[in-house]
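When a ligand or atom number is given, it counts from 1 through the structure's own listing order. Numbering starts at 1 and runs along the sequence shown.
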Amino acid sequence: MMTSSPRETILQLFRETTTGFVSGVRISEVLGVSRTAVWKQITSLRELGYQIEAVPSRGYRLVGSPDVLLAEEIRSGLDTRIIGEDIRFLTVTDSTNLQASALADAGAAEGLVVVADRQTAGKGRLGRSWVSPAAVNLYLSVVLRPAVLPVEAPQLTFLSAVAVCRAITEVSGLQPTVKWPNDILLNGRKTAGLLNEMSSETDRVNYVVLGIGVNLNMTAEQFPTLLRYPATSLAIELGRQVSRVEFTRSLLKQIDTLYDEYLRSGPRPVLAAWEEHCDLTGKSIVVDCQSRLIKGIMAGLDDDGALLVKTPSGTFEKVLTGDVRPVEQGM
Ligand code: BT5
């Protein structure tokens, strides 16, 4: 069962009221605390940016809510089975992946979500970093404990990618594309990155952390000048801000649905959904594998998430790591 914090309960009472007002007496009855304790909770909500009026003899009225990724905001109306029963919001942290891994090592249950307003050491792949300014984006990690072999765990990267694409479309109407293995693009520019990390033994996964960074309301000035790929945010593409809370709720719902499907039907439906979002499927590509270049037609994904490239001689090459780019006309 989910347990509600006093703040969460008060926000719920505001949501349920038909008159707009919730009396102090009612809050103190529901929480089972004194009127002074109620006042302290109202003050703490105000400090977070909630605008709450106190009207004598009528009670409290909520007149404005901030777009803060508080667990109670995300959970409100979140209809999921596994994901998000336990949500930890951190105003600032090093990396949500590090925090989620530490909690998973300490025994956290499947479905735990760690979300931060800002990261000081946001991680990309291969020791790279993820730019994570405050108040604009989403930095989130989910702990899963699937009963799969360690070699199968990379399939979950594609699950996160499809979930992010669907959440973007649900919240903004935009149609993202994916780039193997872990990028989500809008108009060819990177708008989200994924970093899945795993703890495993030889033949079993202890846990997987799905790390997801989405540029939601970041402005062009907030991007560093030197990035590996051109980057963008939903707000830049849309010309308006999006609600971080609404996006997060949509994302968790999508992850929940896809994970349920993954557990019941295996990886194929998720991999097929990813292939549908990939605009390079069937096109000529070059894969830079550091030591060599592979040229061919992008054929799709193998069951373990490896990239399949059909070479000019008709054979299939299976690529586990590399950087994909389209073959430009005239090359
Ligand atoms: C990724 O790495 O794309 C994985 C990013 C995962 C970030 C999330 S945030 C929540 C969770 N907690 C963490 O600590 N991490 C995860 P990679 O493919 O290696 O791309 C990193 C490269 O993208 C950097 O070297 C930059 O060039 C560029 N980059 C950095 N920050 C960016 C941003 N906010 N938007 C677009 N590109 C960025």
Distance from I10 atom CD1 to I42 atom CD1, nearest 0.5 Å?
4.5 Å
Atom 19 (O) of ligand 1 [closest protein heavy-atom partner, distance rounded to 0.1 Å]:
R128 NE, 2.7 Å
Joint cluster assignment, L308 & L280, ILVMFWY side-chain distance < 4.5 Å
no
Contact region, N182 to ligand 1, non-hydrogen atoms below 4.0 Å, reads side chain
I'd like to check which ligand 1 atoms, numbered from 1 as shown, lie under 4.0 Å from a non-hydrogen atom of K190.
1 (C), 3 (O), 17 (P), 18 (O), 20 (O)
So the atoms of ligand 1 within less than 4.0 Å of a heavy atom of S95 turn out to be 12 (N), 13 (C), 14 (O)
Could you tell me if any non-hydrogen atom of F223 lies under 4.0 Å from any atom of ligand 1?
yes
Among non-hydrogen protein atoms, atom 22 (C) of ligand 1 lies closest to R228 CD, 4.0 Å
Keeping S233 on the side-chain end and N215 on the backbone end, is there a donor-acceptor pair under 3.5 Å?
no
For E16, is the CD atom crowded, meaning more than 12 foreign heavy atoms sit under 6.0 Å from it?
yes
So which heavy atom on F316 is nearest to which on A299, and how close?
CE2-CB, 3.7 Å
For A231, counting its heavy atoms only, list the atoms of ligand 1 lying under 4.0 Å from any of them.
36 (C)
Return yes when S129 approaches ligand 1 closer than 4.0 angstrom through a heavy atom, no otherwise.
yes
Atom indices of ligand 1, in the order listed, that fall short of 4.0 Å to a heavy atom of G213
8 (C), 9 (S)
Closest heavy-atom contact between P176 and H277?
O-ND1, 3.7 Å
Taking every non-hydrogen atom, the tightest pair across A306 and W180:
C-NE1, 4.2 Å
Between N137 and ligand 1, which part of the residue brings a heavy atom under 4.0 Å of the ligand: side chain, backbone, both or neither?
neither
Below 4.5 Å, heavy atoms only, C-beta onward: do D323 and Y229 meet side chain to side chain?
yes
closest protein heavy atom to atom 4 (C) of ligand 1 is L194 O, 3.5 Å
Looking at ligand 1, does any of its N/O atoms fall within less than 3.5 Å of an N/O of Y229?
no
Heavy atoms only: which of K123, K179, Q222, R125 is nearest to atom 17 (P) of ligand 1?
R125
Could you tell me which atoms of ligand 1, counted from 1 in the order shown, lie closer than 4.0 angstrom to a heavy atom of G122?
14 (O)
What residue and atom, counting heavy atoms only, is the protein's closest point to atom 31 (N) of ligand 1, and at what distance?
V131 N, 2.9 Å
Is W130 linked to L195 within one hydrophobic cluster, defined over Ile, Leu, Val, Met, Phe, Trp and Tyr using a side-chain heavy-atom separation of less than 4.5 Å?
no
Return the residue, atom name and 0.1 Å-rounded distance of the protein heavy atom closest to atom 29 (N) of ligand 1.
L227 CD2, 3.4 Å
Subset of ligand 1 atoms that lie under 4.0 Å from at least one heavy atom of N215:
33 (C), 34 (N), 35 (N), 36 (C)
Pull out every atom of ligand 1 sitting under 4.0 Å from any heavy atom of T96, numbered as shown with elements.
10 (C), 11 (C), 12 (N)
What protein heavy atom is closest to atom 38 (C) of ligand 1, reported as residue, atom name and distance in Å?
W130 CZ3, 3.4 Å
Would you say the side chains of N182 and T157 form a donor-acceptor pair under 3.5 Å?
no
Go through V68 and E73 one step at a time and tell me if the side-chain contact (heavy atoms from CB on, under 4.5 Å) criterion holds.
CA-CA 8 Å; V68 180; E73 287 288 3; 5.8 Å; no
Spell out, yes or no, whether L140 and I74 are grouped together once hydrophobic residues are joined by side-chain heavy atoms under 4.5 Å, including indirect joins.
yes
Among the heavy atoms of L140, does any lie under 4.0 Å from an atom of ligand 1?
yes
